[in-house]
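Below: the structure, in structure tokens.
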Amino acid sequence: MLGAPGRAMRQTRGMTDAPTSFPPLVVGTDAASVRRVYRNTIALTSVLAVLSGVGAIALGMTQSSLVAGLFAAGLVLLTTGYLVFGTVHLILTARARASLGSVLTLDAAGMEWRMLQGTIFVPWHLIASVSSRKRARHRVLTYRVADGVTGTTEGVRSTLAPKHQRVLSRLGLQVGSAGIDVPVETIAAATAAFTNGRLDPR
């Protein structure tokens with residue numbers, strides 16, 4: 001009677017245990033790479049904000065009446081304000097992302113993701129699939145959780161707000177080669193090793 005549960009537990013561990021030759025993998029942030037990713041976008045929005053502000057002044061000066069000039073300039077200034085807000089938001093996001101530290105940890109138990117919105121740990125048996133694709137010059141891995149998995153599912157540990165959890169359930173958990181200090185190929189190899197080949201995006 002006591003032997004059956006022991007055999008079942010050994011069989012379960014055998015299905016999930018990764019080869020001991022592959023150690024836990026910690027993926028950190030490459031701060032310089034993160035800054036490069038955001039730099040062009042920040043520069044573009046900054047230039048657009050300046051041009052929009054100059055355009056507002058010029059437009060106001062060309063109107064025949066003061067009321068029309070103020071109205072036209074006000075509309076353009078609203079756009080300028082939006083661009084300025086977007087630029088500031090990008091700068092703050094870039095700084096926060098560059099200082100995030102470790103963003104992903106893989107081990108025999110599962111994957112722990114750390115992002116600006118919070119953290120989430122998902123055990124391997126709740127990861128349904130992983131795919132690989134190219135985005136510009138970078139390779140991106142997308143991990144999709146099983147149907148019905150939420151932040152309160154048994155085995156999942158999450159500090160994410162429900163709205164962010166729903167986005168991840170729909171789009172998947174993604175890690176790209178930009179902004180990290182470990183090659184995506186190494187992450188793919190660790191994924192295959194820790195799942196005994198069940199998940200292999202290579």
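Hydrogens, waters and symmetry mates play no part in the numbers below; they use all other heavy atoms, side chains included. This chain uses plain numbering: 1 for the first residue, then up along the sequence.
- Under a hydrophobic-cluster definition in which Ile, Leu, Val, Met, Phe, Trp and Tyr are linked whenever side-chain heavy atoms come within less than 4.5 Å, directly or via other members, L171 and V175 are assigned to different clusters.
- Considering OG1 of T150 and CG of L160, their distance stands at 11.5 Å, rounded to 0.5 Å.
- From T195, atom OG1 reaches atom CE of M111 across 9.5 Å, with rounding to the nearest 0.5 Å.
- Closest of all the heavy-atom pairs between M115 and I120 is CE-CG2, 4.2 Å.
- Judged as a side-chain hydrogen bond (donor to acceptor under 3.5 Å, both in side chains), and not counting sequence neighbours, the contacts of T142 are R133.
- Using a 4.5 Å cut-off between side-chain heavy atoms of Ile, Leu, Val, Met, Phe, Trp and Tyr, with links allowed through other members, I127 and F121 fall into different hydrophobic clusters.
- Taking every heavy atom of both residues into account, L25 and I187 meet most closely at CD2-CA, 3.9 Å.
- Residues S158 and G151 come closest through the heavy atom pair CB-CA, 4.0 Å.
- When atom types are taken as modelled, the side chain of W124 and the backbone of R198 share no donor-acceptor pair closer than 3.5 angstrom.
- The hydrophobic cluster around V140 extends to none of the other residues, as no ILVMFWY side-chain heavy atom falls under 4.5 Å of it.
- Legend: ring-ring contact (aromatic ring centres under 6.0 Å, His included) pairs involving residues 169-191, not counting sequence neighbours: none detected.
- Under the 4.5 Å side-chain heavy-atom criterion for Ile, Leu, Val, Met, Phe, Trp and Tyr, L168 and L126 are members of the same hydrophobic cluster.
- S129 is linked by a side-chain contact (heavy atoms from CB on, under 4.5 Å) to R144, counting only residues two or more places apart in sequence or in another chain.
- For the residue pair S169 and V149, the shortest heavy atom distance occurs at OG-O, 3.5 Å.
- Sorted by first then second residue, the ring-ring contact (aromatic ring centres under 6.0 Å, His included) pairs that include residues 140-193, not counting sequence neighbours, are W113-Y143.
- Identified under the salt bridge (charged side-chain N to carboxylate O under 4.0 Å, His left out) test for residues 155-179, with sequence neighbours left out: none.
- For residues 180-197, the salt bridge (charged side-chain N to carboxylate O under 4.0 Å, His left out) pairs, not counting sequence neighbours, are R139-E185.
- The two residues A188 and L141 come nearest to each other via the heavy atoms N-CD1, 4.1 Å.
- Note that OG of S102 and CZ of R114 are 5.5 Å apart. Values are rounded to the nearest 0.5 Å.
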Check step by step if side-chain contact (heavy atoms from CB on, under 4.5 Å) holds for V27 and T105. CA-CA 6 Å; V27 181; T105 301; over 6 Å; no
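- The nearest pair of heavy atoms linking A190 to L106 is CB-CD2, 4.3 Å.
- Considering CG of L199 and OG1 of T191, their distance stands at 7.0 Å, rounded to 0.5 Å.
- For T119, the side-chain hydrogen bond (donor to acceptor under 3.5 Å, both in side chains) partners two or more places apart in sequence, or in a different chain, are T159.
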